[in-house]
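The structure appears below as structure tokens.
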Amino acid sequence: MSFENEQKLLHDALVSCKVPDIVESVNTAKAAGMSANEIIDEFGNSMSEVGILFERGKLFLPHVLSAANGMKKAMEILGPELMASGNEGASKGKVVMGTVEGDVHDIGKSICSTMLQCAGFEVHDLGRDVPKPEFIREVQDGCCYCGMSALMTTTMTVMKDIIEMLKEAGLRERCTVMVGGAPITQAYCEKIGADVYGESASETTRKAKDIADGVVQ
Amino acid sequence: MTKDHMTRMGDGSRVWMSREEIRAEVEAGNYAAVDAAEVPSLTDDDMTRIVDIMCEKGRTVSVEPGEEVILTQDGGEQKLLMDNGSSSPALELNRLEGIQVHERALGMDTFEIAYFDPSTKQIKPVIGLEMAHCQNVMANTVIPMLYMFMPNLGLYYQPTGMYGNPPDLMRDFKIEKAMSEGEKAADEMYKDIVYIGEKILSTGIDGMDFDTTASAGDLDFVASLRAVETLRESYPDADIQMGMSAENVLGIHGMVEYKGTVAAGLYPHQQVKLAEMAGVSAFGPVVNTNTSKSTAYNVARAVCMVKECSKVSNIPLQVNMGMGVGGTPMCETPPIDAITRADKCMIEIAHVDGL
């Protein structure tokens with residue numbers, strides 16, 4: 001069954017970043033027979049578009065946060081159906097996210113966490129100035145993605161320390177290490193032995209999705 | 001390709017380019033403007049004209065006689081009096097003498113009186129002194145006088161103000177609180193602008209200039225527009241100008257509207273329509289300079305955006321041409337070769353009314 005109209009409604013509502021419109025579009029899509037997973041997939045794609053519009057200066061931080069808030073409300077509506085279908089835990093994987101020790105800049109990391117969540121990942125956002133052992137503990141507890149952010153040249157070196165600690169704990173092969181933040185580059189990512197460099201929240205999310213979907217290793 | 005044309009990068013450093021390279025930079029700048037602001041492209045003739053101007057051999061360039069435009073200065077008299085280290089002459093003059101030098105020695109067509117800390121919030125406590133200064137200046141000068149101030153909503157937020165700081169609140173995902181604090185701060189600033197505006201215009205001065213409008217985003221812009229509207233009711237003949245702070249209105253609130261139009265994300269050709277509705281007499285668009293790109297790129301990008309603004313505007317445009325805006329390099333004293341070329345392009349191709 002085709003849900004072209006409902007898909008457009010969901011997409012337009014999320015990109016409008018208006019919470020009441022997002023909630024209404026979910027109810028309309030549900031009434032038309034769309035499943036919770038289909039609705040979430042549509043929102044995942046639309047959230048990526050929100051991220052791109054944000055990067056291009058067409059949308060701003062309050063819009064991204066409102067869209068994320070709308071997604072949260074949508075998940076509250078869809079929760080019972082997901083539980084009933086036993087599909088509640090069908091996430092793309094667990095991600096630990098945090099701004100590294102000594103660094104308190106976390107707005108970009110928070111946006112990235114939100115976008116990963118919207119894309120279907122289970123995100124454990126530890127916030128800012130996160131002590132190194134907390135990343136290791138989360139990977140031990142089952143996170144298969146380790147996302148680190150640093151906004152200063154003086155704190156970016158902590159990322160390398162954490163990668164070394166993961167190696168020492170025998171956990172390095174168990175997780176994909178993702179790095180980002182203003183001073184981070186692809187070259188630095190490779191130099192410290194991380195797996196993914198994300199220049200922006202949407203790029204990080206896209207790369208994580210590609211890995212989760214098996215598009216890339 | 002001989003690199004025989006000395007030009008500048010956006011940070012003011014010298015660079016030598018061939019005519020073909022300059023042409024490529026102009027095309028790239030034009031494309032960047034079309035992409036960002038969603039405005040029509042410059043014509044092929046426009047781009048060729050920019051290349052011709054950029055490649056002119058003289059140290060400076062100029063427009064033909066009869067094509068001159070109105071010049072004003074929104075930095076106030078302090079620019080001559082202060083010492084910025086590597087710029088500003090630090091002349092031993094009082095404020096009135098500084099203005100008279102601009103009028104009688106530098107040949108300004110109009111001038112803008114400004115307090116040394118010209119934000120709304122800082123002017124409010126000294127408004128009586130500023131009124132007396134305006135009266136004294138008008139008694140001793142001939143050219144039209146405006147009073148320049150900066151709305152500057154940022155000063156109403158913590159830690160310098162009493163309202164919660166939206167970027168801090170958003171960092172904690174307190175989006176609704178961020179919006180409501182911003183709205184309250186904007187209401188306060190609106191009242192203060194109207195207060196200082198009523199006082200200054202009551203001196204009989206020719207008008208006011210809202211300078212660096214929207215520096216704190218969309219709420220700053222909308223509160224300023226509301227203040228223009230209120231002042232216009234009391235002073236229908238006053239010359240109320242509005243100069244912007246950036247090419248794009250930042251969405252710090254995101255949803256705030258002025259007369260049904262969401263303010264966040266507007267570019268010059270859209271900003272000017274709201275300014276018109278509010279009752280602004282002349283508008284000062286801003287296009288930011290990219291310091292990593294050449295002057296040819298930056299000038300083409302600025303001219304492309306301002307040309308569309310000029311086309312749709314029903315009020316005169318007095319475009320901002322100075323450090324880091326209008327295609328001129330971002331350095332304390334922009335080099336005269338770059339700024340005269342940017343000015344000439346803006347007059348001949350974007351058809352602005354003043355600089």
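First the proteins, then the strands, lettered A, B, ... as listed; each starts at 1. As a basis for the values below, the full set of heavy atoms in this structure was taken, side chains included, without hydrogen atoms, waters or symmetry mates. Quick caveat: nothing in here was measured; it's all calculated off a predicted structure.
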Over 12 non-hydrogen atoms of neighbours within 6.0 angstrom of CD in B/Glu176:
no
Rounded to the nearest 0.5 Å, the CD1 atom of B/Ile252 sits from the CG atom of A/Leu61 at a distance of 8.0 Å
Applying a strict 4.5 Å limit to non-hydrogen atoms, the region of B/Val262 in contact with chain A is neither
Across all chains, not counting sequence neighbours, the ring pair (Phe, Tyr, Trp, His ring centres under 6.0 Å) partners of A/Tyr145 are A/Phe121
Output for pair (A/Lys18 NZ, B/Met255 CE), nearest 0.5 Å, gives 7.0 Å
One should read off an interatomic distance between B/Lys174 NZ and A/Leu65 CG, to the nearest 0.5 angstrom, of 13.5 Å
The reported gap from NE2 in B/His253 to NE2 in A/His63 (rounded to nearest 0.5 angstrom) is 9.5 Å
So, the part of B/Asp35 with a heavy atom under 4.5 Å from chain A: the answer is both
Side chain to side chain contact (heavy atoms under 4.5 Å, CB included) between B/Val249 and A/Phe60, intermediate numbers included:
CA-CA 10 Å; B/Val249 178; A/Phe60 297 90; over 6 Å; no
Original post:
Would you say A/Gln186 has more than 12 foreign heavy atoms packed within less than 6.0 Å of its CD?
Top reply: yes
Residues of residues 25-32 of chain B with a heavy atom under 4.5 Å from any heavy atom of chain A, in residue-number order, are none
So CZ of A/Arg56 and CG of B/Asn248: to nearest 0.5 Å the spacing works out to 11.5 Å
Applying a strict 4.5 Å limit to non-hydrogen atoms, the region of B/Ala36 in contact with chain A is backbone
Sequence neighbours excluded, the answer for salt bridge (charged side-chain N to carboxylate O under 4.0 Å, His left out) partners of B/Lys293 is none
Ranked by heavy-atom pairs below 4.5 Å to chain B, first place among A/Cys17, A/Pro62, A/Ser66 goes to A/Pro62
Okay, B/Leu250 and chain A: the region with an atom under 4.5 Å from a heavy atom over there is both
Residues at least two apart in sequence or cross-chain that pass ring pair (Phe, Tyr, Trp, His ring centres under 6.0 Å) with B/Phe283, listed by chain then number, are none
